[in-house]
Structure formats: structure tokens, C-alpha cells
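Structure, as C-alpha cells:
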There are 2 protein chains.
Amino acid sequence: MPSRLIRKLEAFVPLTEAEKTLVSDVERNVRTVAPKTDLITEGDSPENVLLIVEGFACRYKITSEGQRQIMAYLVPGDFCDLHIFILKEMDHSISTLSACKVVEIPRKRVLEMLKTPALATALWSATLVDEATLREWLVNIGTREAPQRIGHLLCELLLRLHVVGLVSEGRFELPITQAEIADTMGLSAIHANRSIQVLREADLITLARGHVVILDFKRLAAFSGFNPNYLHLRNQAEAGIGAIPQNAAISF
Amino acid sequence: MPSRLIRKLEAFVPLTEAEKTLVSDVERNVRTVAPKTDLITEGDSPENVLLIVEGFACRYKITSEGQRQIMAYLVPGDFCDLHIFILKEMDHSISTLSACKVVEIPRKRVLEMLKTPALATALWSATLVDEATLREWLVNIGTREAPQRIGHLLCELLLRLHVVGLVSEGRFELPITQAEIADTMGLSAIHANRSIQVLREADLITLARGHVVILDFKRLAAFSGFNPNYLHLRNQAEAGIGAIPQNAAISF
DNA sequence: CGGTAAGTTGACACTAATCAACTTTCGTGG
DNA sequence: CCACGAAAGTTGATTAGTGTCAACTTACCG
């Protein structure tokens, strides 16, 4: 069974067996990290690239006024910047949200992977999609109201987690608190709570105990103005709004 | 006199004469583009990298609800994504704000530049800083109130334009409308207008007819929670809050 | 000089933040 | 295994921040 990372990379470009082996080799030496633990802290000069194998992590920053803004979620198969070692010093932190399994990939190994053409394309694609996702988050926070923002986030997570095989019948684990959703969406925890209730009352989602069910993806996407093009999935048809048959078809 | 791009790259890494020549060679064939004209439109599959030589451009997206969100400013010396050709299709547009002079750099030339080590480091640094800037914008919109957001933007522009020699005595050209500032900051044009008035009344800035004066950078930075670390300028001391002596010292 | 775009002002409605109290869930130790 | 305390989630009331509409002034351009 292919790893989460391989699944994700193959959503961009098909890989040869040799390339998949190269990736698998890198995914050894998994380390378990407790929830809410910094993996990289602002000011660090990391030498390695970090890969999330299991669990949820996030990029975040604390402002001088003490507010936290989460800028990205890292889900299984995601890694932090490939060229992280070019800049002297991290300008933000990366922390686990839930308990995580992570791998430190030595710089050498990364450069090795970037030498094989298809793998390089796949890895750069993943990096470009991370950036596109960041842009989409800016659009989300900049233009949409609270319930739509959260709906948009859930649509995105559905597709991202689906690619790596973590969705079944529109259902996935989201092991984070409402306060963390609030810090992601630029909202107060209370307003996030009320916005989630709006989504629930419209029968768009279920969300409780770290467990999400998207009850009607098509309607949620329409409600939230979600367009998946920024995720650049190879099978755009599958990813397209309305192209995911409800429930059953999204499982494997 | 070095080009804006060379000035910017040398803010990251010193370049040899040969490298500077390589960059200069690329900056020929300048094309003039009218204000408010798309350089790249969502859905395009661009073959070339775009470099801004003069004027202001921006990345933007229009949501399904018809709202525009500006996600980045491109100022002289800035280019769009180096690996823009890896993904099949643009997920956002790039448009001029003012009249611009731009260069299309053929893919080949880019790869050529990336082969010389120091230049590669400088170009990747610039790309990483663009991404860091995008993250900082997310923090800005996600956590700060309107006047602080705009103040933060002006602090950033002061430093970015200073690097490429477009600031003199805390004064620079900002050839964009308040409506565009609003679309950048996720605000209505009217609220942007009132927020600018707050900054004016606090004697922090002057802003009129596309012309900005930062009257007190230190105070504006403190007011806005601005920390320049994400710009990763080599001379952090010079960029640091309070380290820019008022007025005179910021000119050349 | 006139027309249009940009900037400004006031009134009002709505979205979101804050504060406080309370309930439910979860993890831990007895 | 239950009991406890802490964390997470929920609710209501109030305030602050921001958007919208309309009218008006100022600046810009042919």
C-alpha cells in the first residue's frame, strides 16, 4: 500500500517503481510527537525537511499583540518547504495539533529526490500547491464571512484528505479544537462556534469530537464559493464541484 | 547603475560581475503595459517568467461572489513564480496597477540563471521571501484591525521599495487607488478611506495623489505590529524597527 | 472646460468581538 | 471503574468594528 506522500505525489504525476522506492526509503525513522508541540520554532535554522506521516500539524505565527494566526495545515503526506535551508532563519513556527508521526528528511535525501525528473516535478508541484493554498486562504479570510470561511476550509480538507486516503463517505478526522479553527480563520472562538452551528443547522456538515461529516459537498461548496482549481489535482473531474457523488463514491 | 532586480538579489547574496551581467542580459526587451491590464489571466498556461521593471502590478483573484482579493504587489525587481511552468494552468491572475515596464524571461534563461550557484540562491531567496510575505499578509488580515493592516502594508512597502532604491526620505510613489488598497486588505473602500484618515490624524503618514510619506517609521511599525524579519534582508540591522533613522538616512 | 474617476462624509445595518456564566466532554488518578 | 478537575463547547447580552447606501467634493484627463 502506497504511503500518504506517494499517493499525494501521484495525484500530480505518475511515478516509476524506482521513484516510489526512493520515497519509501525516506519515510523510515518515524518519530512520534505529542500534540501541541513545536516541531520548528521561529528563529530556528533547520537543516532538514520535515514530513508529516500521521496526524495534523500547522504553520503559525504569534503577533506582537499576542494573537495566533494559523497559516497552513500540514496533513499526512505534507512536508514543510523543500528549500527551507536557503534562508538563514525561520520566520514562523510549525507545531503539531494532534499527536503526530513525523520524519526528518536530511537535506541530502531531498536533493537526491529532486534529481529524478518525475519526482522533482511531483515535489515542486506539491510545493506550488501549498503556495496556491496559502493564496486561497488569503482570499477566504479577506472576502468571505465566517460561516463561508469555515465551509471553504472543510471543502478543502475533504479533497486534500481524500487524495491521501483519509476520507470515507464524506467523513474524516479533524483532531483540532474550535479555538484552533478560530485562529485559522481569523475569528474569535465564540464566533467560530456560532458559525459552525450555522453550517450544522443548514444540514451541510456534522462536526463533533474531532470528527467531520460533509453531508452535502455540492451544496457546501456552492455555499462557500469553493472552487478546487487551486489544488491542481490531476483528476480535476473527480475534484470538481458536483463531480463527487455524494457519500459512497468518495470512499475507496 | 544596477537594475532594481540586481539590487534586490544583492540584498540576499553578493553577486559576481559575471552573474550581474547574466541578469542584465535578461532585462532587455522591455515592454510597456497600460494600467489595469492583465499580464497573465487565470486559466492561462504561461511559458515565460514575468519580471516587473517599472510600475506596480498585483496578483489577484475574483471570487464567485464577484469580490476581488489582491494577494501580492509586484514592484520593480519582482518576478512571478520561477517554476510557473510546472503547473498546467494559472489559478489566479496578474494585472498591472499603474503603467508598467515588464520583461518576459524565457524558461531557458531562467534555468540558465539557476545553474550559477549564487544567483540560484538569490533567486530562490526572493521566491521564499515572496511566500513569507504572503504568509505575513494572511497574519495581517487575519489578526489586525483596519488601520493597523494598512499601516503594516505601508511599512512593508517602505522596506521593499527601499531595497530597490525607490524610497527617498521616507517618501515613495504608490500609484494605486484607495479601492485597490481596500481589495488588498479585505476592507470596503469606505472603511479603507477612514482607516487612512486615522493614520493621517495620528501623524504617522501622508498619502495623497499616489504619493506616500512615512512620517515616523518607528511609531508606525509599533502601531501596526510590524516586524521585518519575514523579508529576510541581509542587513537586518538596517531593516530593524527603529534602526532606520528618520528621513535622511533612508535615502541614498 | 466638462465629464468621470477618486476621495470624503454621514446615517444606518450588520457582522464579529468581548464578557460572563454555564454545560458537556475528556483525561487522569484514586 | 468512578470521580474529579480541566479543557472544550455552548449560550445570552452587550459593545466595537466594518459594510452599505446615498450624497457630495475634489482631482484628473481629454
Side-chain angles (χ1 to χ4, degrees), chain A residues 34-37 56 63 65-70 96-99 140-153 173-201 205-212 223-225, chain B residues 34-37 56 63 65-70 96-99 140-152 173-202 205-212 223-225:
Chain A
K36 296 166 207 277
T37 308
F56 272 56
T63 67
E65 299 84 33
Q67 287 219 71
R68 176 175 62 168
Q69 176 68 45
I70 292 176
T96 58
L97 291 165
S98 67
N140 199 26
I141 294 189
T143 69
R144 284 188 264 268
E145 294 182 353
Q148 284 81 355
R149 276 186 218 177
I150 295 175
H152 191 282
L153 175 68
E173 297 300 320
L174 186 62
I176 67 177
T177 66
Q178 291 186 0
E180 287 159 346
I181 294 178
D183 284 351
T184 306
M185 297 285 103
L187 300 168
S188 69
I190 291 170
H191 199 55
N193 177 289
R194 292 184 166 130
S195 302
I196 289 166
Q197 292 181 41
V198 169
L199 297 176
R200 281 201 276 246
E201 272 148 35
I205 66 158
T206 275
L207 189 161
R209 277 168 261 110
H211 204 89
V212 178
F223 174 81
S224 311
Chain B
K36 296 167 206 279
T37 308
F56 272 57
T63 67
E65 299 84 33
Q67 287 220 72
R68 176 175 63 167
Q69 176 68 45
I70 292 176
T96 58
L97 290 164
S98 67
N140 199 27
I141 294 189
T143 68
R144 284 188 265 268
E145 294 180 354
Q148 284 79 356
R149 278 186 216 177
I150 296 175
H152 191 281
E173 298 299 319
L174 185 63
I176 68 177
T177 66
Q178 291 186 0
E180 286 159 346
I181 293 177
D183 285 351
T184 306
M185 297 285 107
L187 300 168
S188 68
I190 290 169
H191 199 57
N193 177 289
R194 291 186 166 129
S195 302
I196 289 165
Q197 292 180 41
V198 169
L199 297 176
R200 282 201 275 247
E201 272 148 36
I205 66 159
T206 275
L207 189 161
R209 278 168 258 112
H211 204 88
V212 178
F223 174 82
S224 312

Would you classify [X] as touching base, sugar-phosphate or nothing, given that sugar-phosphate means primed atoms plus P, OP1 and OP2, and contacts are heavy atoms under 4.0 Å?
X: B:Ala146; value: sugar-phosphate
X: B:Leu187; value: sugar-phosphate
X: A:Gly186; value: sugar-phosphate
X: B:Thr177; value: sugar-phosphate

Worksheet item: Roughly how far, to the nearest 0.5 Å, is CD of B:Gln197 from CG of B:Leu207?
Response: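 That separation rounds to 11.0 Å.
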Expressed as a whole number of angstroms, how long is the span from [X]:[atom1] to [N]:[atom2]?
X: A:His191; N: C:dT15; atom1: NE2; atom2: P; value: 9 Å
X: B:Arg200; N: C:dT9; atom1: CZ; atom2: P; value: 8 Å
X: B:Gln67; N: C:dT15; atom1: CD; atom2: P; value: 13 Å
X: A:Ile141; N: D:dT18; atom1: CD1; atom2: C1'; value: 16 Å
X: A:Asp183; N: D:dA8; atom1: CG; atom2: P; value: 12 Å
X: A:Asn193; N: C:dT23; atom1: CG; atom2: P; value: 16 Å
X: B:Gln148; N: C:dA17; atom1: CD; atom2: C1'; value: 15 Å
X: A:Ile176; N: D:dA7; atom1: CD1; atom2: P; value: 19 Å

Side-chain N or O of [X] less than 4.0 angstrom from OP1 or OP2 on [N]?
X: A:Arg209; N: C:dG27; answer: no
X: B:Arg194; N: D:dT20; answer: no
X: A:Gln197; N: D:dG9; answer: no
X: A:Lys36; N: D:dA7; answer: no

Worksheet item: Do A:Arg68 and A:Glu180 come close enough that some side-chain heavy atom pair is under 4.5 Å?
Response: yes
Discussion item. Could you check whether any side-chain N or O of B:Thr184 sits under 3.5 Å from a backbone N or O of B:Ile70, counting only pairs where one atom can act as donor and the other as acceptor?
Written reply: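 Here the side-chain-to-backbone pair does not exist.
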Worksheet item: Between the main-chain N or O of B:Arg149 and the side-chain N or O of B:Asn140, is there a donor-acceptor pair closer than 3.5 Å?
Response: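 Yes: the side chain of B:Asn140 pairs with the backbone of B:Arg149.
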Worksheet item: Of the nucleotides C:dT8, C:dA16, C:dT18, which one has an atom closest to the side chain of A:Ile190?
Response: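 Of C:dT8, C:dA16, C:dT18, C:dT18 is nearest to the side chain of A:Ile190.
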Practice prompt. Between C:dA16, D:dT11, C:dT8, spot the one nearest the side chain of B:Gln178, thanks.
Written response: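 Nearest to the side-chain atoms of B:Gln178, counting from C-beta on, is C:dT8.
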Practice prompt. Quickly, which of B:Ile196, B:Ile150, B:Ile190, B:Asp183 forms a side-chain contact (heavy atoms from CB on, under 4.5 Å) with B:Gln178? Name it, please.
Written response: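 Only match with B:Gln178 under side-chain contact (heavy atoms from CB on, under 4.5 Å): B:Ile196.
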